Every structure is written in structure tokens, then in C-alpha cells.
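To start, the structure under review is shown below, and the notes come after it.
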Amino acid sequence: MNFVAVTAEYGVVIRRRALTERGVSYQAVLNALETDKPHGADEELLSFGPSFGPEALATLTRRLIDLGLVYFDDFFEVRQRRPAVVQVCRGVCGD
């Protein structure tokens with residue numbers, strides 16, 4: 001199982017393989033999310049964030065869908081309330 005650090009404050013996690021499957025470039029994702037690098041990354045996942053609230057996250061989600069990524073199958077939003085001292089990771093189990 002692989003793990004990638006994620007923000008719990010309105011973040012996004014994307015399957016790397018989805019970019020190839022959907023013909024979406026890594027640079028297009030960075031441009032859509034207005035960043036120069038992910039918050040966390042491993043061989044299978046990319047995480048981005050935090051964004052500034054639910055409205056900003058909705059805008060970023062729409063941009064990813066407009067690129068051709070499919071919500072939930074290719075990426076998902078992360079919204080959790082937790083103390084700042086807790087680090088959150090997400091993993092992928094199998095295929």
C-alpha cells in the first residue's frame with residue numbers, strides 16, 4: 001500500500017494513472033489548481049491543497065472535471081476537521 005500526505009483543509013487527491021487514462025497532462029493539472037507542485041505525491045497519488053474554503057474547492061473540482069477527469073473515479077475531495085497536530089495520509093490498496 002502506498003501513502004501520500006494530504007491536507008484535511010479542502011484538499012484534492014488524484015490518481016496519477018488517471019492522467020494517462022484520460023489524456024490529461026500533469027502541467028494542465030498544476031495550471032488548473034494554480035500551483036507549481038503537489039502537497040504530497042507518491043507513485044500512485046497526487047495530493048493538492050489546502051484551498052480556501054468550500055467555494056474554492058468547488059471551483060478546483062470543476063476545473064479538474066473540465067480537463068476530463070471523473071470525480072470519484074479519478075480524484076476526490078478531502079474535507080475533514082482535525083487538530084493541526086494530526087497528520088493525515090491516504091493510501092491505495094491493490095488495483
Side-chain angles (χ1 to χ4, degrees):
M1 178 185 297
N2 294 321
F3 291 95
V4 63
V6 299
T7 180
E9 299 158 348
Y10 304 105
V12 174
V13 177
I14 301 172
R15 288 186 316 109
R16 279 187 187 264
R17 193 174 346 184
L19 301 182
T20 303
E21 291 169 356
R22 307 283 183 204
V24 176
S25 74
Y26 178 74
Q27 189 59 51
V29 170
L30 294 178
N31 292 344
L33 298 179
E34 297 181 11
T35 188
D36 59 348
K37 64 180 181 174
H39 173 75
D42 69 7
E43 298 87 27
E44 300 202 27
L45 298 174
L46 300 165
S47 76
F48 296 89
S51 58
F52 297 103
E55 295 84 10
L57 182 58
T59 297
L60 300 178
T61 297
R62 170 61 28 211
R63 289 177 184 173
L64 293 174
I65 291 169
D66 289 346
L67 288 176
L69 296 177
V70 177
Y71 184 76
F72 195 75
D73 290 339
D74 299 335
F75 74 97
F76 61 93
E77 300 169 344
V78 179
R79 301 178 192 215
Q80 297 176 339
R81 294 186 52 94
R82 61 158 174 84
V85 298
V86 177
Q87 182 178 7
V88 179
C89 294
R90 292 287 188 250
V92 174
C93 299
D95 286 323

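Note that this is a predicted model, so its numbers are computed, not measured.
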Closest non-hydrogen atom pair, His39 against Gly49: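 It is CB-O, 3.7 Å.
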Nearest heavy-atom neighbours spanning Ala28 and Ser25: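 Minimum heavy-atom separation between Ala28 and Ser25: N-OG, 2.9 Å.
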Evaluation steps, side chain to side chain contact (heavy atoms under 4.5 Å, CB included), between Val70 and Arg22: CA-CA 9 Å; Val70 177; Arg22 307 283 183 204; 3.4 Å; yes
How long is the span from the [atom1] atom in [X] to the [atom2] atom in [Y], to the nearest 0.5 Å?
X	Y	atom1	atom2	value
Ile14	Phe48	CD1	CZ	5.0 Å
Tyr71	Phe76	OH	CZ	9.0 Å
Arg15	Leu46	CZ	CG	11.0 Å

Joint cluster assignment, Val29 & Phe72, ILVMFWY side-chain distance < 4.5 Å: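 Yes; Phe72 is reachable from Val29 via cluster members.
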How about [X] and [Y]: do any of their side-chain heavy atoms sit closer than 4.5 Å?
X	Y	answer
Ser47	Phe75	no
Asp74	Val24	no
Glu44	Arg17	yes

Verdict with reasoning, Glu9 to Arg79, per salt bridge (Lys or Arg N to Asp or Glu O under 4.0 Å): CA-CA 6 Å; Glu9 299 158 348; Arg79 301 178 192 215; over 6 Å; no
Under 3.5 Å donor-acceptor, Ser51 side chain and Tyr10 backbone: yes
Only pairs under 3.5 Å count here: list side-chain donor-acceptor contacts from residues 59-67, not counting sequence neighbours, and write none if there are none.
residue	atom	partner	partner atom	Å
Thr59	OG1	Glu55	O	3.2
Thr61	OG1	Leu57	O	2.9
Thr61	OG1	Glu77	OE2	2.6
Arg62	NH1	Asp66	OD1	3.3
Arg63	NH1	Ala32	O	2.8
Arg63	NH1	Glu34	OE2	2.8
Arg63	NH2	Glu34	OE2	3.0

